[in-house]
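Working notes, structure below.
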Amino acid sequence: MSNDNRIPYDPRQVEMEAQKLWDENKIFEVQPDQNKEKYYCLSMFPYPSGKLHMGHVRNYTLSEIIARYHKMRGKNVLHPIGYDAFGMPAENAAIKNKTAPAKWTYANMEEMSAQLKRLGFAYDWSREIKTCQPDYYRWEQWLFVRLFKEGLVYRKDAVVNWDPVDQTVLANEQVIDGKGWRSGAEVIRKTIPQWFLKITDYAEELLASLDNMPGWPDSVKTMQRNWIGKSKGLELDFEVSGFGAVSIYTTRPDTLYGVSYMAVAPEHPLAIQAALNNESLTAFLKQCSKEQSNEAAMATMEKKGMYSGFDAVHPLTNQKVPVWVANFVLMTYGTGAVMAVPGHDQRDYEFAQKYDLPITQVIDAEGDLSQSAIVEKGILINSADYDGLDFQGAFNAMAAHFEAQGTGRVQINYRLRDWGVSRQRYWGCPIPIIYCDDCGAVPVPEDQLPVVLPEDVAFDETGGSPIKKDPGFYQTTCPKCGKEATRETDTFDTFMESSWYYARYTCPNFNEGMLSEEADYWLPVDQYIGGIEHAILHLLYARFFHKVLRDQGLVKSDEPFNNLLTQGMVLKDGAKMSKSKGNTVDPQALIDRYGADTVRLFSMFAAPPEQSLEWSDEGVEGASRYLNRLWNQIHSFVARAGTDILVLPKNLNKEQKSLRLKVHQTIEKVTLDIGERHTFNTAIAAMMELTNALQKYNDTEISDLAVLQEGWQSLLLMISPFAPHMAQSLWQSMGHNDLLCEKTWPEIDKTALVQDEIDMAVQVNGKLRATITVAVNMSQNEVEGVALADANVQKFIDGKPIRKVIVVPKKIVNVVV
RNA sequence: GCCGGGGUGGCGGAAUUGGUAGACGCGCCGGAUUCAAAAUCCGGUUCCCUUGCGGGAGUGGGAGUUCGAUUCUCCCCCUCGGCACCA
């Protein structure tokens, strides 16, 4: 193997040439083709935060490999890209740099597109979407108006974080330890009217469909099921003297005799009425309003409460039950009021102990009430007529009793809440509503859409939305009566844009409607890839939108994403890489130094896609070294073998057979790893092993070269999704003039996989003592004989009686003595 | 707190259906090549004992099922993601 006259590997040159070839041939631009099987491969589109970070590179390389692989399998592959361009960081940058959010966003998109192109990703750029453009978001407004008319949209009061100094609404992320991140002022809960989408109307279908989605990871489906949180319980009215009936919701009516108090949320009407003549309760409610309202804070904060002064009547015993106001009761779940059973609910138990409320046992189950609540279900005790019933029996009997009385009913509840889509921010899609003193909230008529967001704006220090202070934007006339009216100045949650972009990619330039007929050719997405952090919100909203689009007659399928691959986070110093944490790794420096192919290869080799990846710069070197070696090996092979196509000899010798076995075993493994398992790290490892085998092979005659040529060519085909530029260049060096990415995936030759002999492990009492080589067709008895004949095996049997011999064909023999 | 992941050599990871733990790569050690270096090539590399042959231990911790457990069950610890206005 001569290494003289080596052609040096120059990634920059090789990559430029390959990209030029692809561009000239427009090979990644696709149109519907009824004669080909379609394949829609999609990565979650990026927020244009500045430059690409390693999480992006990982995500896009994943979809890239899957897209190129399926193209080589003969499918019509759609692989689009775009930007989730609205969002808060643009406003922060605007305040910091005194530029308009639009300008900053467009500059970022330009920079990131250049980086994506430099990485050689096989996108159909003609379908690029930027969600901040009116020709995209107008259809979102259009859909909202449609849903408004159908009653799927409503307005109600909801809580926001209010910064009393900056006089502005803060995102949860902008509240740090209960204080505004800019002003440092103590943030308070404030209630303002906001728009909601009735996702709860679809709760049942969103839940039920999960049973029919085999292409999604179980973990994500479980998270979504738990998030939707369907439960069956009883809604019961407790009569409160001086107030009226208060409804509670419980999934454990069997514990009703154990109720020793009730608890209502601080925002509950009873709490508000009770506070009218009660100074300390007023102070308590005020204190509660300063507590963070997010669920994690609610769950971990100190449980506090105060007696409201009201008492309810127990619906079965007619005894007085005190009503407490408690900071841990959620106004947004159930009825905002709960019955408390300290004997059988741990949170109620701790609260009762703290405030010295009675704890009684009404369920007979394992546990010690002096230590903790007994939460297991069991037989009812101390429950009068209901004693002796089990959970289901008690549930049914109680339900029948209260339904007959008209004071209770069986109720299916969901933890899922309707989707609040109003944001009091500037850089988002304007909500197409006009407020008229006479006509109320009126949707903007279709022919007046889009409501365009003015882009030339300036921010002041407080971060308040410029359009809220811009009469040119909000002053308008009522579409119904023509009177002076005011435009809605809130914008949509950016999850709105990301809930349907996958569908718009199928017809991004369609001007006559939201989606064209092309949508049903491409949809649903065959493979969706993105961060696990989106397991619930984005993926649930997108599923909801798809069902809404279906019910609007815009798509025919029920679900948007057939297969989901959730990639793990790219971590740096143990935490999610994000601009706000300042722990990002800039892939550009790596591309400049090693080339795109190395960066792509390494990002796939470092870890399996679903696992989080702790980034380290070491190891990139290894990927680069591997590609260099491949480059040198193939050039050296061509120097020896030429570029003519060599014909495999009919009769292979032992070494040739063994090499072909390796080649076809690798094709089998890589095909499985890419196509089925999505374990690209092991696919690369297998290709490296094959490279080692081909490199070590000592060729002495022309037939050797034929076997090697088959091996190298197969390897180039298999590595081309990972390192497409180098693969293209080497493909040409091997004598081909065509585009490698349009070739078909290598075929497995089953005859090459046939083996005569295999290695088996021999254990004595479960410990490895020998390995033996046996003929494939040897019987179990013969294998046992060979195993027992081994000297080291005999040494450990040591004359002891053999109790049992287990032979697992082609794997292992275990001798038990 | 609740829901869902993860924990394997010095490091990233492999072991696909309960069957040889550590593939592949990084790093490190030794050698070849070189005036020298880089690059490249060859060999070694879980830990402990042993010149070697070989032996013992070992997959976060503890228990269990099994001829056999990284893999299954139970308990615990650590860690990451999500928790509805970050995207």
Side-chain angles (χ1 to χ4, degrees), chain A residues 1 3 6 44 46-47 49 84 87-89 158 160-161 169-175 194 217-220 222-227 229 294-301 328 332 347 416-417 419-420 422-425 493-495 498 531-538 540-541 566 568-569 571 574-576 578-580 602 605-608 610-616 618-623 625-626 628-629 632 669 672-673 676-677 679 681-682 684-689 692 695 759-763 765-768 770-771 792 795 803-806 808 810-816:
Chain A
M1 281 187 277
N3 283 326
R6 222 182 246 169
M44 290 180 187
Y47 176 77
S49 55
D84 189 13
M88 213 171 52
V160 292
N161 305 306
V169 175
L170 299 179
N172 286 343
E173 196 191 47
Q174 299 171 312
V175 180
Q194 303 186 57
D218 287 335
S219 58
V220 174
T222 305
M223 279 191 264
Q224 292 213 347
R225 276 190 197 102
N226 293 337
W227 184 262
N294 67 73
E295 201 180 298
M298 298 283 279
T300 48
M301 73 193 173
F328 60 83
T332 48
R347 197 177 55 184
L416 181 69
R417 309 199 293 259
W419 177 11
S422 295
R423 296 293 180 270
Q424 296 68 44
R425 277 198 272 280
D493 177 4
T494 56
F495 275 126
S498 56
I532 184 67
E533 69 271 26
H534 296 293
I536 296 173
L537 290 180
H538 161 61
L540 193 63
Y541 290 144
T566 49
M569 320 278 307
L571 307 176
K576 173 179 169 178
S578 73
K579 238 194 157 187
S580 57
F602 179 68
F605 185 53
E610 308 209 71
Q611 227 164 88
S612 60
L613 187 160
E614 172 67 35
W615 182 260
S616 93
E618 297 162 13
V620 183
E621 196 81 39
R625 207 146 50 199
Y626 171 71
N628 265 291
R629 188 154 60 95
N632 292 333
K669 164 117 184 101
L672 183 70
D673 282 355
E676 309 289 328
R677 299 209 313 148
T679 49
N681 54 330
T682 53
I684 295 167
M687 289 189 277
M688 286 174 166
E689 280 188 60
N692 294 344
Q695 183 171 347
D759 289 338
M760 285 181 74
V762 185
Q763 297 181 331
N765 286 344
K767 292 200 186 248
L768 181 69
T771 50
N792 204 45
K795 188 178 138 196
R803 264 202 252 155
K804 205 179 191 183
V805 179
I806 293 147
V808 182
K810 296 182 184 175
K811 281 185 179 150
I812 202 167
V813 181
N814 192 9
V815 183
V816 187

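Residue numbers start from 1 in every chain, and the chains themselves are labelled A, B, ... in the order their sequence lines are given, proteins ahead of strands.
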- prompt: Does rG81(B) have a Watson-Crick or wobble mate here (both distances under 3.5 Å), and if so which one?
  reply: rC3(B)
task: Would you tell me if any nitrogen or oxygen in the side chain of Gln611(A) comes within less than 4.0 Å of OP1 or OP2 on rC80(B)?
output: no
- prompt: Do Arg425(A) side-chain and rC85(B) base share a donor-acceptor contact under 3.5 Å?
  reply: yes
field: Phosphate OP1/OP2 of rC85(B) contacted by Arg423(A) side-chain N/O (<4.0 Å)
entry: yes
field: N/O donor-acceptor pair, side chain Lys669(A) with base rU16(B), under 3.5 angstrom
entry: yes
task: Considering only atom P, compute the distance from rG58(B) to rU70(B) and round it to an integer number of Å.
output: 10 Å
message: If you define the side chain from C-beta out and look only at heavy atoms, does anything of Lys669(A) sit under 4.5 Å from Thr682(A)?
response: yes
- prompt: If the P atom of rU59(B) is compared with that of rC47(B), how far apart are they to the nearest Å?
  reply: 16 Å
query: Where the side chain of Phe605(A) is defined as all heavy atoms beyond and including C-beta, which of rA87(B), rG25(B), rA57(B) is the nearest nucleotide?
result: rG25(B)
Nearest-angstrom distance from the residue atom CZ of Arg629(A) to C1' of rU40(B): 11 Å
Watson-Crick/G-U partner (both atom distances under 3.5 Å) of rC28(B): rG44(B)
query: Counting side-chain heavy atoms from C-beta on, which of rG13(B), rC86(B), rU16(B) comes nearest to Asn681(A)?
result: rG13(B)
statement: Side-chain atoms of Ala296(A) come closest, of rA15(B), rC86(B), rC83(B), to rC83(B)
- request: In whole angstrom, give the distance that lies between atom CG of Asn814(A) and atom P of rG68(B).
  value: 8 Å
query: In terms of side-chain heavy atoms of Trp227(A), which of rC83(B), rC85(B), rC86(B) is nearest?
result: rC83(B)
message: Nearest whole Å is fine: how far is rG12(B) C1' from Glu621(A) CD?
response: 15 Å
- line: From the candidates rC83(B), rG12(B), rA14(B), the one with an atom nearest any side-chain atom of Glu295(A) is rC83(B)
field: Ile536(A) side-chain proximity, nearest of rG19(B), rG82(B), rG12(B)
entry: rG82(B)
field: Side-chain donor/acceptor of Gln194(A) to backbone N/O of Arg423(A), under 3.5 Å
entry: no
- line: Which of rC67(B), rG55(B), rA21(B) is nearest the side chain of Ile806(A)? It is rC67(B)
task: Among the candidates rG4(B), rU40(B), rG19(B), find the nucleotide nearest to the side-chain atoms of Ile812(A).
output: rG19(B)
- prompt: How long is the gap from OG1 on Thr332(A) to CD on Glu295(A), to the nearest 0.5 Å?
  reply: 8.0 Å
field: Polar side-chain contact Gln194(A)-rC85(B) base: donor and acceptor under 3.5 Å
entry: yes
- prompt: Separation of Phe495(A) atom CZ from rG82(B) atom P, in whole Å?
  reply: 11 Å
task: Can you figure out which of rA84(B), rA23(B), rC41(B) approaches the side chain of Asn294(A) most closely?
output: rA84(B)
- request: Give a yes or no answer on whether the side chain of Asn161(A) reaches the backbone of Leu170(A) with a donor-acceptor pair at less than 3.5 Å.
  value: yes
- prompt: Can Arg629(A) and Asn692(A) be counted as having a side-chain donor-acceptor contact under 3.5 angstrom?
  reply: yes
message: Less than 4.0 angstrom between a side-chain N/O of Arg625(A) and OP1 or OP2 of rC26(B), yes or no?
response: yes
query: Does Arg677(A) make a side-chain N or O approach to OP1 or OP2 of rA15(B) shorter than 4.0 Å?
result: yes
- prompt: Using a cut-off of less than 4.0 Å, is there contact between a side-chain N or O of Lys767(A) and OP1 or OP2 of rA57(B)?
  reply: yes
- line: By the Watson-Crick or G-U definition, both distances under 3.5 Å, rU66(B) is matched with none
